[in-house]
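This report refers to the structure that appears directly beneath it.
Quick caveat: nothing in here was measured; it's all calculated off a predicted structure.
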Amino acid sequence: MSQLRTVSEAICFDGRQITYEHDSAACDCTMRFAAFLPPAAARHPVPALYWLSGLTCTEENFSTKAGAQRCAAALGIALIVPDTSPRGVGLPGEDDLMEVGSGAGFYLNATEAPWNKHYQMYDYVADELVAVVNAELPVDPNAKSISGHSMGGHGAITIGLKNPAAYRAISAFAPIASTLKSAWANTALRAYLGPDLETWRPYDAAWLVEHRPSQHTLMVDQGLADPFLEQLRTDDLKAACEASGQPLQLRFRKGYDHGYYFVSSFIEQHLNFHAAALRSE
């Protein structure tokens with residue numbers, strides 16, 4: 001019996017744009033994700049790009065705003081877009097702050113009550129969601145990559161670096177590069193992980209790059225008109241890559257801000273970057 005329940009479906013560039021929900025063991029609640037299946041998926045399994053969205057987003061933001069389906073259809077790549085957190089699980093304060101609770105899972109495994117019962121987003125994205133997608137959808141289980149935006153860029157880099165054999169490529173748009181130094185992330189990590197900074201380090205992209213560099217080249221785009229540069233700490237990521245020898249393609253984009261106009265302007269370059277890696281053995 002299928003684990004997935006279809007919430008909505010539409011034809012898009014001759015592929016299928018679908019929203020699914022399923023019962024998550026990792027998060028102990030119902031979780032949603034969006035999937036774009038290119039036309040090629042009707043004939044054979046296709047590679048998959050997992051996209052992790054930013055603060056306040058759901059599984060819909062990337063699918064409706066990034067304009068990625070046209071290029072993904074041509075390249076024959078599935079797009080898998082999870083929600084950013086559990087929803088409606090009845091935790092006190094879950095809807096009070098932008099940085100903690102609904103829409104702010106930070107792609108980590110919470111250890112502090114009350115969040116630890118449901119906020120296991122690292123296990124959900126890295127393990128459970130992949131297992132469900134591999135079992136239920138026409139994707140190649142041996143060909144996946146990961147990308148994301150802002151909080152999701154942090155998630156893509158940290159999950160990718162911790163699982164280098166699992167992903168063919170890693171990229172990010174305006175990632176939160178140092179959760180240890182970002183006030184946004186500090187609020188979340190203190191709530192989810194407690195006050196011990198040592199427990200935060202495995203979820204800090206710059207720290208991971210410096211201590212666990214990957215053979216993968218990281219592709220990162222950052223808008224120079226982004227009002228959140230102080231929160232994102234892009235220079236910390238650059239310095240960490242230089243210190244560890246981590247290959248990095250960092251492109252600063254003059255005039256671009258933090259939103260989806262920025263993402264949509266360069267998503268095709270990222271999809272082509274991932275497609276080249278997904279085609280390689």
Under 6.0 Å from the six-membered ring centre of Tyr203 and within 45° of its axis: does the NZ or CZ of Lys162 meet both? yes

Taking the six-membered ring of Phe266 (Phe, Tyr or Trp), confirm whether the NZ or CZ of Arg253 is under 6.0 Å from its centre and within 45° of its axis. yes

Under 3.5 Å side-chain donor-acceptor pair for His258 and Ser150: yes

Side chains of Asn61 and Ser53: donor-acceptor distance under 3.5 Å anywhere? no

What distance separates Tyr167 OH from Leu49 CG, expressed to the nearest 0.5 Å? 10.5 Å

Specify whether Phe262 and Tyr256 have parallel, tilted or perpendicular ring planes, treating 30° as the upper limit for parallel and 60° as the lower limit for perpendicular. tilted

What residues form a side-chain hydrogen bond (donor to acceptor under 3.5 Å, both in side chains) with Asp257, not counting sequence neighbours? none

Residues forming a side-chain hydrogen bond (donor to acceptor under 3.5 Å, both in side chains) with Asp123, sequence neighbours excluded: Asn109

Is it the case that more than 12 heavy atoms not belonging to Glu230 sit under 6.0 Å from its CD atom? no

Please confirm whether the backbone N or O of Ala185 pairs with a side-chain atom of Glu99, one donor and one acceptor, at under 3.5 Å? no

Can you list every pair that meets salt bridge (charged side-chain N to carboxylate O under 4.0 Å, His left out) and has a residue in residues 53-76, with sequence neighbours left out? Arg70-Glu268

Looking at Ser244 and Val209, would you say the former's side chain and the latter's main chain have a donor-acceptor pair under 3.5 Å? yes

Output field: ring centroids Phe273/His216 closer than 6.0 Å: no

Is a side-chain donor or acceptor of Asn163 paired with a backbone partner of Ala166 at a separation under 3.5 angstrom? no

Test side chain to side chain contact (heavy atoms under 4.5 Å, CB included) on Cys12 and Phe36 and set out the steps. CA-CA 8 Å; Cys12 183; Phe36 174 70; 4.1 Å; yes

Derivation and outcome, side chain to side chain contact (heavy atoms under 4.5 Å, CB included), residues Asp23 and Gln3: CA-CA 7 Å; Asp23 298 325; Gln3 298 182 58; over 6 Å; no

Count I, L, V, M, F, W, Y as connected when their side-chain heavy atoms are under 4.5 Å apart, and connections chain through other members. Are Trp51 and Tyr261 then in the same cluster? no

CG-CE distance between Leu108 and Met121, expressed to the nearest 0.5 angstrom: 9.5 Å

Which value, rounded to the nearest 0.5 Å, describes the distance between Arg16 atom CZ and Asp14 atom CG? 13.0 Å

What's the separation between atom SG in Cys241 and atom CG in Leu248, rounded to the nearest 0.5 Å? 4.5 Å

Side-chain heavy atoms of Thr6 within contact of Ile18, under 4.5 Å: yes

If you measure only the distance, is there a donor-acceptor pair under 3.5 Å linking the side chains of Ser171 and His274? yes

Quick one: do the Gln231 and Ser182 side chains pair a donor with an acceptor below 3.5 Å? yes

I'd like to know whether CZ of Phe252 has more than 12 heavy-atom contacts from other residues, nucleotides or ligands below 6.0 angstrom. yes

Separation of Leu52 CG from Met151 CE (nearest 0.5 Å): 8.5 Å

Pairing donors with acceptors under 3.5 angstrom, does anything connect the side chains of Asp221 and His270? yes

Would you please say whether a donor-acceptor pair under 3.5 Å links the side chains of Gln17 and Gln69? yes

Is the distance between the ring centroids of Tyr260 and His149 less than 6.0 Å? yes

Going through the checks in order, is the side chain to side chain contact (heavy atoms under 4.5 Å, CB included) test met by Tyr50 and Leu129? CA-CA 10 Å; Tyr50 285 75; Leu129 178 61; 4.1 Å; yes

Once you measure the plane-to-plane angle for His22 and Phe33, does it fall in the parallel (<30°), tilted (30-60°) or perpendicular (>60°) bin? perpendicular

Under a 3.5 Å cutoff, is there a donor and acceptor pairing between the side chains of Thr111 and Asn116? no

Treat each ILVMFWY residue as a node, draw an edge where side-chain heavy atoms are under 4.5 Å apart, and state whether Tyr122 and Ile170 are in one component. yes

Answer yes if Met31 and Tyr107 sit in the same cluster of Ile, Leu, Val, Met, Phe, Trp and Tyr residues linked by side chain heavy atoms under 4.5 Å apart, and no otherwise. yes

CG-NZ distance between Asp236 and Lys238, expressed to the nearest 0.5 angstrom: 12.0 Å

